[in-house]
Undergrad: 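I have a structure here, written as structure tokens, and I will follow up with some questions on it.
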Amino acid sequence: MTAREEVLVDVGRGIELCYDQTGDPADPPILLFAGLGQQLHSWPSDFVAALAGRGFRVTRFDTGTPAGRLT
């Protein structure tokens, strides 16, 4: 399993999307899509690590909160 990396991506019109990924990039992907206004950290790290440990590349992202990283 690779280390978790947090990334900010400019998606245009002054909006940045924050996400992180855990697991081997060669593994099948899983996208953890939280409800509106939740942060990527709403998904427990133990849960993310368990998915990665089962052979998945896990991506989770902010959907936008005042304390989140989506702008």
Side-chain angles (χ1 to χ4, degrees):
M1 179 170 59
T2 61
R4 183 172 296 134
E5 56 187 69
E6 192 172 282
V7 180
L8 281 174
V9 177
D10 183 351
V11 295
R13 298 185 182 189
I15 298 172
E16 290 183 322
L17 177 70
C18 179
Y19 69 92
D20 71 10
Q21 295 183 307
T22 304
D24 187 332
D27 287 342
I30 287 184
L31 175 63
L32 299 181
F33 191 93
L36 182 61
Q38 289 185 317
Q39 297 178 32
L40 61 89
H41 302 289
S42 296
W43 295 101
S45 295
D46 290 347
F47 177 66
V48 173
L51 290 172
R54 289 180 177 250
F56 293 99
R57 174 71 165 176
V58 183
T59 301
R60 59 186 181 164
F61 66 94
D62 273 348
T63 57
T65 64
R69 299 285 304 272
L70 178 71
T71 59

Undergrad: Quick one: closest heavy-atom pair of G23 and A52, and the distance?
TA: CA-CB, 4.1 Å
Undergrad: Going by the rule side chain to side chain contact (heavy atoms under 4.5 Å, CB included), which residues pair with I30 if we only count those two or more places apart in sequence or in a different chain?
TA: L32, L51, F56
Undergrad: Would you call D20 and R60 a salt bridge, using N to O less than 4.0 angstrom?
TA: yes
Undergrad: To check you understand the geometry: which heavy-atom pair defines the closest contact between T59 and Y19, and what is its length?
TA: CG2-CD1, 4.0 Å
Undergrad: Mind listing the closest non-hydrogen atom pair of L8 and C18 along with its distance?
TA: CD2-CB, 3.6 Å
Undergrad: Just wondering, do F61 and L31 contact through their side chains at under 4.5 Å, heavy atoms?
TA: yes
